[in-house]
**Q** 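A single structure is presented below for examination.
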Protein chains: 2
Amino acid sequence: MTDLNNDIFKTIDAERRGTTSEEVVSQLREMIHRGELRPGDRLPPERDLAKMLGVSRPTLRAGIRSLAAVGVLQSRQGAGTFVVKSDGPPSLDSSPLRLMASLHGFTSAEMFEARQSLEMAVAGLAAERATDDQMATMAEETTGMFASLDDPEQFLVHDMHFHQTVAAASGNRILTSLMNMVSTILFDVRSKTVKRARDLKESAEMHRHIYRAIRERNPEAARKAMREHLMLAQKAQEQEAAEDAAGRNGANGSNGANGDVH
Amino acid sequence: MTDLNNDIFKTIDAERRGTTSEEVVSQLREMIHRGELRPGDRLPPERDLAKMLGVSRPTLRAGIRSLAAVGVLQSRQGAGTFVVKSDGPPSLDSSPLRLMASLHGFTSAEMFEARQSLEMAVAGLAAERATDDQMATMAEETTGMFASLDDPEQFLVHDMHFHQTVAAASGNRILTSLMNMVSTILFDVRSKTVKRARDLKESAEMHRHIYRAIRERNPEAARKAMREHLMLAQKAQEQEAAEDAAGRNGANGSNGANGDVH
DNA sequence: TTATTGAGATCGGTCATACCATTAGCTCTG
DNA sequence: CAGAGCTAATGGTATGACCGATCTCAATAA
């Protein structure tokens, strides 16, 4: 179709003379791009598809594998290979970021900061664009948090829903995806912390502040409230990690604030 | 087979969580994470590594392929497979995001906004943390822009270096990576626009404003300057795209402001 | 008639083997 | 000593086979 993409950078799809499996990736990408394959669709069986594309099955599988690794395709033995269907917001696979974190030794503090920046950005946008429905949802989730002060698990659900709603209200699906990507990695750590009731109440209050700023269409206030909320959350978590490490006599407390992200 | 390598490479068959190839991915990830494989290192030949891990070569290749797809490994025929060495900042592959853009029909306006948010974030952080060296580099690149007002291609190089330096000065490699991820996709569009001299001068002025705000350690001013710069850049590009489309009698002007990101 | 179960068909996962294409390193030659 | 050419090493592709998980649908029982 268009040859407009003769970039200076050699992206995978631009190199028609690349390896055969890269060509397969290109073909599949174009099929998806042209709408011949839509989210949720099932690809033809590998044996058939291989013949259609004129390659061997291992080569086709290599291409499928590449796309599966980045979260575009998903294979299920016995069932077939599907284009990943995103019910809600589109999502990026976080494993690449996780790998990069391992490779370069990212600290969770750095992760936290990235998340904070992203959350502040979407909060600011949400203050400008949130619909009435979305604001109502935020209010509900906030209420839910106050009602779950004695149930940390339930509290976390409302917490996540709240942030999800704010992200959706930003109207920018890219920022939302990136935010989720980072948050997903931090989730393991978060879910393990059994927060104290006092922290939960404080956290719920912070969410209410964020909600109010958004309702009042005040982006700066929303950003500020989100910043304070996440700073507090990080501090609480660091403290807990420190206590946890101390309680274990310092053994294997590597999930602390400055530990690598595993 | 030799027993020399059994200390490092543990066989797999114990406790397989998912598929065998997924287990291979896990093993390789752990090797990298534990530092047994460092950036720039070469992996053992596939035939040997397959035996060490106790899997067949196709299965091993599937695992390698998955990691290569997310930019962690890189295979070169005849040479070997290497852990990607990141000279500068760690980088995430942008193809997943590109695919997602195709799948969900992201507009370049949405991309621009995401980039704007990320650039503003790093600019703010850079104002707090930039070293003298980094600020000197920014000054140099700004000077370079003014010196390249009649050479759009050279101008773009300085432009990119400037933003790269700001990102590095933020001290947050995750945000930097995400920013590059988004910027890379927008690069195609940018590189095609042959800017007018007046726009270039205006752009250089904006960069100087950003630099000054960072030098003065004023995060808010840096964010504001960056925002204005990118808004201007987007506007200029939209205008040019519109003119381009008009010049072509409206034929295939799909790279315009509201077109899909291809 | 409806729900359940079972067998066959479908399809991805894995393995073994062979051969091709490219690269790196070494040897031989000038 | 330097460069050209050869050889071995290594990833890329192809063929074919079998296994295990899953789906489909018809036969059977309630």
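A, B, ... follow the sequence lines: proteins, then strands. Residue 1 opens every chain. Model, not experiment: these values are computed from the prediction.
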**Q** CG of B:Asp48 versus P of D:dT10: gap in Å, rounded?
**A**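 These atoms are roughly 7 Å apart.
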**Q** In terms of side-chain heavy atoms of A:Arg76, which of C:dG12, C:dC15, D:dC23 is nearest?
**A** D:dC23
**Q** Given that B:Leu43 and B:Pro58 both sit by DNA chain D, which one's nearest nucleotide is further toward the 5' end?
**A** B:Leu43
**Q** Keeping B:Asp151 on the side-chain end and B:Ser148 on the backbone end, is there a donor-acceptor pair under 3.5 Å?
**A** no
**Q** How long is the line joining CD of A:Gln77 and C1' of D:dA21, in whole Å?
**A** 5 Å
**Q** Between atom NZ in B:Lys51 and atom C1' in C:dA16, what is the gap in whole Å?
**A** 12 Å
**Q** Is a side-chain N or O of A:Thr176 found less than 3.5 angstrom from the main chain of A:Ala167, in a donor-acceptor match?
**A** yes
**Q** Starting the side chain at C-beta, find the nucleotide from C:dC11, D:dA14, C:dT14 nearest to A:Arg47.
**A** C:dC11
**Q** Classify the side chain of B:Arg57 and the base of D:dG12 as holding, or not holding, a donor-acceptor pair under 3.5 Å.
**A**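 Such a pair is found, so the answer is yes.
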**Q** Please state how far atom CZ in B:Arg61 lies from atom C1' in D:dA14, giving the value in whole angstrom units.
**A** 12 Å
**Q** Hey, which of these two, B:Thr59 or A:Thr81, hits DNA chain C nearer its 5' end, going by closest nucleotide?
**A** A:Thr81
**Q** Heavy-atom nearest nucleotide on DNA chain D for A:Gly54 versus A:Ala79: which residue maps closer to 5'?
**A**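 That would be A:Gly54.
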**Q** Would you kindly give the CZ-to-C1' distance between B:Arg65 and C:dT14, to the nearest whole Å?
**A** 18 Å
**Q** What integer distance in Å separates A:Glu23:CD from D:dT13:P?
**A** 11 Å
**Q** Calculate the interatomic distance between B:Ile64 atom CD1 and D:dG11 atom C1'; express it in whole Å.
**A** 9 Å
**Q** Considering only D:dT10, C:dG12, C:dT14, which nucleotide approaches the side chain of B:Ser56 most closely?
**A**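 The closest nucleotide is C:dT14.
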**Q** Return the value, rounded to whole Å, for the distance between atom CG of B:Leu60 and atom C1' of D:dT10.
**A** 13 Å
**Q** Short question: side chain of B:Ser170, backbone of B:Val166 - any donor-acceptor pair under 3.5 Å?
**A** no
**Q** Among C:dT14, D:dG11, C:dG12, find the nucleotide with the atom closest to the side chain of A:Glu46.
**A** C:dG12
**Q** Would the distance check show the side chain of A:Thr165 and the main-chain N or O of A:Gln134 forming a donor-acceptor pair, the cut-off being under 3.5 Å?
**A** no
**Q** Taking everything shown except A:Glu36 itself, do over 12 heavy atoms lie less than 6.0 Å from its CD?
**A**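 Yes, because the 6.0 Å sphere around CD of A:Glu36 holds more than 12 heavy atoms from other groups.
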**Q** Considering every strand and a 4.0 Å limit on heavy-atom distances, what is the contact class for A:Arg42: base, sugar-phosphate, or nothing?
**A**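 Sugar-phosphate, no base atom in range.
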